[in-house]
> 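Once you've had a glance at the structure underneath, I'll fire off some questions.
All heavy atoms count here, side chains included; hydrogens, waters and symmetry mates do not. Note that the structure is predicted; figures quoted are calculated from it, not measured. Letters go in sequence order (proteins before strands), and every chain restarts at 1.
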There are 2 protein chains.
Amino acid sequence: MKFSKATNYALHTMLYLLAFAPDKPVGVQQLADAHRVSPTYLSKILTKLVKAGLIESASGANGGYRLKGKKEEISMLDIIHAVEGTASLFECCDGEDDRCLIRREMRNAENAMEKHLHDTKMIELAAALPIR
Amino acid sequence: MKFSKATNYALHTMLYLLAFAPDKPVGVQQLADAHRVSPTYLSKILTKLVKAGLIESASGANGGYRLKGKKEEISMLDIIHAVEGTASLFECCDGEDDRCLIRREMRNAENAMEKHLHDTKMIELAAALPIR
DNA sequence: GCGTGATTACTCGGATACAAGATGTCCGAGTTTGAGCGG
DNA sequence: CCGCTCAAACTCGGACATCTTGTATCCGAGTAATCACGC
């Protein structure tokens, strides 16, 4: 039960884009250098963000990844869901048996965390960065 | 990022003990039958609960596992921590760098979930079970 | 100056390799209960 | 009826085996900008 490194990379990359390049596309190489990750691996992760509609990719020379859509609304939860999936963190009791009290409480706890993540917008973090 | 099945088994077993056998030791075989798990595997999980001080084991004939200590105070978080460990769910930025805003917010979200799990006591769930 | 083609700098996606952790099994060793047996 | 012994029923812990998932790399294919060249 851990958040994957992929989620970590995705969050930091999104923060980077918001803070340093809100409009221009940035190459995978540059993003990878900024966080000490392999470019090809980071590319795989960013593909998930593209599919989720958070960013878009530009092919060819001077291509790269660029923010897409309403930047103010991007929450931490959006990014986490894009990378980790939206499935519940806790599964038990064969499917959708709502009589399982343990499952119900686990879902409630999970929702508490997700609410916090949903209320935290990436653009606020970008604005609070000490050095830009 | 998923809770392990081991956590699932641990939670259900604890609920079972609280509801059906608050005092008597129950054999691993019986507990395993109740949740369709291999007895030896369940034994491995319960060993963690023993080390955490939530239950105690009785060797020999008529032995088994029994609740230990103040039953009213056992929370879901206690069990989860016993099985999954107490480490933070999110790690990044080499160690304890508190300047990382992403890490800070992830910790906050995590704490929100843990608070909910801490406030949910197992004995309440046992009392709310429909069929006993 | 202008169009055309080649080059270059990129991303995309699949296939693959590797590592770690979760899951599950097996077995030998130790421990307690209780039954059997002899006195 | 008492005490001893022994078998049975347990748990404990370590050592495996297996399976899934996360992590990471490689490579061929496609695409867009730019440069070079010839007209």
> Under a 4.0 Å N-O cut-off, is there an ion pair linking A/Arg107 with A/Glu91?
yes

> For A/Lys115 and A/Glu110, what are the C-alpha separation, side-chain angles and deciding distance, and is it a salt bridge (charged side-chain N to carboxylate O under 4.0 Å, His left out)?
CA-CA 9 Å; A/Lys115 169 164 173 36; A/Glu110 191 183 325; over 6 Å; no

> Round to the nearest Å and state the distance from A/Leu42 atom CG to D/dT23 atom P.
13 Å

> B/Leu46 CG to D/dG13 P: how many Å, rounded?
12 Å

> D/dG13 C1' sits how many Å from B/Ile45 CD1, rounded?
15 Å

> What is the minimum heavy-atom distance between A/His12 and B/Cys92, and which atoms define it?
CE1-SG, 3.6 Å

> A/Lys2 has an atom NZ; how far is it from atom P of D/dG22, in whole Å?
15 Å

> DNA chain C: A/Ser57 or B/Ser59, which has the more 5' nearest nucleotide?
A/Ser57

> Do the side chains of B/Met14 and B/Leu67 get nearer than 4.5 Å, heavy atoms only?
yes

> Rounded to whole angstrom units, what separation is found between the CD atom of B/Gln30 and the P atom of D/dC10?
10 Å

> May I ask you to evaluate whether B/Asn62 reaches the phosphate of D/dA9, defined as a side-chain N or O under 4.0 Å from OP1 or OP2?
no

> Among C/dT33, D/dA33, C/dT11, which is the nearest nucleotide to the side chain of B/Ala61?
C/dT33

> Which nucleotides of nucleotides 22-28 of chain C have their base under 4.0 Å from a protein heavy atom (B), which only their sugar-phosphate (S), and which neither (-), written as one string 5' to 3'?
-SBB---

> Nearest 0.5 angstrom please: A/His118 NE2 to A/Met76 CE, how far?
13.5 Å

> Within this structure, what is the NZ-to-P distance between B/Lys48 and C/dG21, rounded to whole angstrom?
12 Å

> Using side-chain heavy atoms (C-beta onward) and a distance below 4.5 Å, is B/Met122 in contact with B/Ile79?
yes

> Rounded to whole Å, please give me the gap between CD in A/Glu91 and C1' in D/dT20.
16 Å

